[in-house]
A.B. asks: 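Would you mind keeping the following structure in view while I ask a few things?
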Amino acid sequence: MSNLLLIIEDDPGLQKQLKWSFNEYEIVIANNRSEAIAAVRRYNPSVVTLDLGLPPDPSNASEGLATLKEILELAPATKIIVVTGNDNRDHAIQAVGLGAYDFYNKPLDPEVLGLIIERALKLSKLERDHIQLLQQQQNIQNGIIGASPQMQSVMEITKKISPTQATVLIIGESGTGKELLARAIHNLSTRADRPFIAVNCAAIPENLLESELFGYEKGAFTGAVSQTRGKIEYAHGGTFFLDEIGDLPFGLQAKLLRFIQERVIERLGGRKEIAVDVRIVCATHRHLPTLIEQGDFRGDLYYRLSEIVVQIPPLREREGDVMTIANALLLRNCQESNLKEKHFSREASLALENYDWPGNIREMENRIRRAVILSTSNTISAKELELENLADNPMPFNLKEVREVAETTAIKRALNHTDFNISETAKLLGVARPTLYGLFEKYGIKL
Ligand SMILES: Nc1ncnc2c1ncn2[C@@H]1O[C@H](COP(=O)(O)OP(=O)(O)OP(=O)(O)O)[C@@H](O)[C@H]1O
Ligand SMILES: [Mg+2]
């Protein structure tokens, strides 16, 4: 409750005076530490005034400081204003060091204390509003963390396309959150209360994939003992997510194309056409135009699937997202393992920021999960993340060396991006093919 003020004070005269001075608040009084803790649990006050001299020995601040610590452990966001006797400046400073919001020296001047309380309440409200806003934003983003301009524009496109029925192709390197985005599209669509069914084309052997997608009738093949619906049928009314579409065997591509055009399926061994209403979302980390060029992917299917293309940028290109995501993942991991909150050391943050993240957020999840299990203290080090400690290894200042490192990184990145297509890579880097071959040679890049 925002208008509630908890006053922890053992002197009945002062209690009365405070109650009278701050009658615009709903006042709760606690006489000692145990009453104070009970009141914090019960009312969760935003602001507390705490007399450091509490019973059993009011001449000593130890009970007051212990109360302070206990409240902050229970409710870290509480703004605690410590009230001390005139000659007790050291204790007041000690209290602020422990996390008190401010201190106030007796004798009581209601006007001054009133201003401090008012300011504490304002700050507390601001903090709560801020947290609420962040939570709202996260909900809207369906667990997709990140405030970089790159991800904001992905989220904007997502919000626009989700309510439509358009087929969506999501492209991005492995671990960039393609499946997470597919689920977000479903959750933001009118089909959100219907099924979201995912099939990973790369994970299922070709001979099983067809029946997995389309289902089969009893007796369609040896072992087909009963009629079985396919995944597409299960998605009826909802969203069908075809993951790793670049790995869909060529033979099945024609069959999928037919389904997309006609919106009917036939189970294996069946003769009946079954109409299915699904929204199709697919994803791949591969470069489909190259696969088409090589004859491994049908151009007509590609054009059908790519009505709308959403490209998720790799983590290393998202400005400012690395630490936001890392901190969120660290907090989530600690909570899931019932551990006290941990933090990254300064050199760990530096290492996280400077690492290239070839495996993107999935790799980050793995590194952080492992570090949380291994770490014995509240701080996670670069070593526990198995990242290079850059503090030990300063950046080279030699220009030639810097240029070589930068060029090698850019070339490798472009190669990955184009699935090792040389002419695409050369185009992306803005150099001619012979120059590119020269660079491969110079930096010992093997294809
Ligand atoms: N922006 C993000 N915020 C928080 N978690 C994320 C984010 N992006 C991805 N993740 C998490 O990272 C992991 C990998 O995401 P996801 O499986 O969606 O990626 P993918 O692109 O499909 O990867 P792959 O190519 O490995 O299949 C998941 O556990 C996902 O929850
Ligand atoms: Mg995936």
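Keep in mind the model is a prediction, meaning the values are calculated, not measured. We count ligands from 1, going down the list as the structure has it; atoms in each ligand are counted the same way.
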A.B. asks: Can you check whether L180 has an N/O within less than 3.5 Å of an N/O in ligand 1?
C.D. replies: yes
A.B. asks: If you draw the axis of the six-membered ring of Y234, does the NZ or CZ of R229 fall within 45° of it and under 6.0 Å from the ring centre?
C.D. replies: yes
A.B. asks: Identify the protein heavy atom lying closest to atom 15 (O) of ligand 1, giving its residue, its atom name and the separation to 0.1 Å.
C.D. replies: G177 CA, 3.6 Å
A.B. asks: Can you check which of E173, H285, K178, M155 brings a heavy atom nearest to atom 25 (O) of ligand 1?
C.D. replies: K178
A.B. asks: Heavy atoms only, cut-off 4.0 Å: how does E365 contact ligand 1, side chain, backbone, both, or neither?
C.D. replies: side chain
A.B. asks: Please determine, by modelled atom types, if N421 and S423 share a side-chain donor-acceptor pair under 3.5 angstrom.
C.D. replies: yes
A.B. asks: Return the residue, atom name and 0.1 Å-rounded distance of the protein heavy atom closest to atom 24 (P) of ligand 1.
C.D. replies: G175 N, 3.5 Å
A.B. asks: Classify the side-chain pair K125/S46 by whether it contains a donor and acceptor separated by less than 3.5 Å.
C.D. replies: no
A.B. asks: From atom 2 (C) of ligand 1, work out which of I145, T324, I170, D321 has a heavy atom at the shortest distance.
C.D. replies: I145
A.B. asks: Report yes if M151 has an N/O atom closer than 3.5 Å to an N/O atom of ligand 1; otherwise report no.
C.D. replies: no
A.B. asks: Please could you name the atoms of ligand 1 that G143 approaches to less than 4.0 Å, counting only its heavy atoms?
C.D. replies: 3 (N), 4 (C)
A.B. asks: Considering distance alone, does some N or O of R332 sit under 3.5 Å from an N or O of ligand 1?
C.D. replies: no
A.B. asks: Starting from atom 8 (N) of ligand 1, what is the nearest protein heavy atom, named by residue and atom, and what distance separates them?
C.D. replies: I361 CD1, 3.5 Å
A.B. asks: G172: heavy atom below 4.0 Å from ligand 1, yes or no?
C.D. replies: no
A.B. asks: If hydrogens are left out, which of R318, R362, E179 has an atom nearest to atom 27 (O) of ligand 1, that is, the closest non-hydrogen atom?
C.D. replies: R362
A.B. asks: Could you tell me whether R367 sits above the aromatic face of Y355, with NZ or CZ closer than 6.0 angstrom to the six-membered ring centre and within 45 degrees of the axis?
C.D. replies: yes
A.B. asks: When only distance counts, is I325 in polar contact with ligand 1, meaning an N/O pair under 3.5 Å?
C.D. replies: no
A.B. asks: Pairing donors with acceptors under 3.5 angstrom, does anything connect the side chains of Y443 and E407?
C.D. replies: yes
A.B. asks: How far apart are the C-alpha atoms of Y216 and F221, what are their side-chain angles, what is the distance that settles it, and do they pass the ring pair (Phe, Tyr, Trp, His ring centres under 6.0 Å) test?
C.D. replies: CA-CA 9 Å; Y216 50 85; F221 46 83; 4.8 Å; yes
A.B. asks: Looking at side-chain heavy atoms only, is the closest gap between L74 and R41 below 4.5 Å?
C.D. replies: yes
A.B. asks: Can you sort out the partners of S381 under side chain to side chain contact (heavy atoms under 4.5 Å, CB included), two or more places apart, ordered by chain and number?
C.D. replies: E347, K383, E384
A.B. asks: Once you round to the nearest 0.5 Å, how far does CD1 of I7 lie from CD1 of I27?
C.D. replies: 4.0 Å
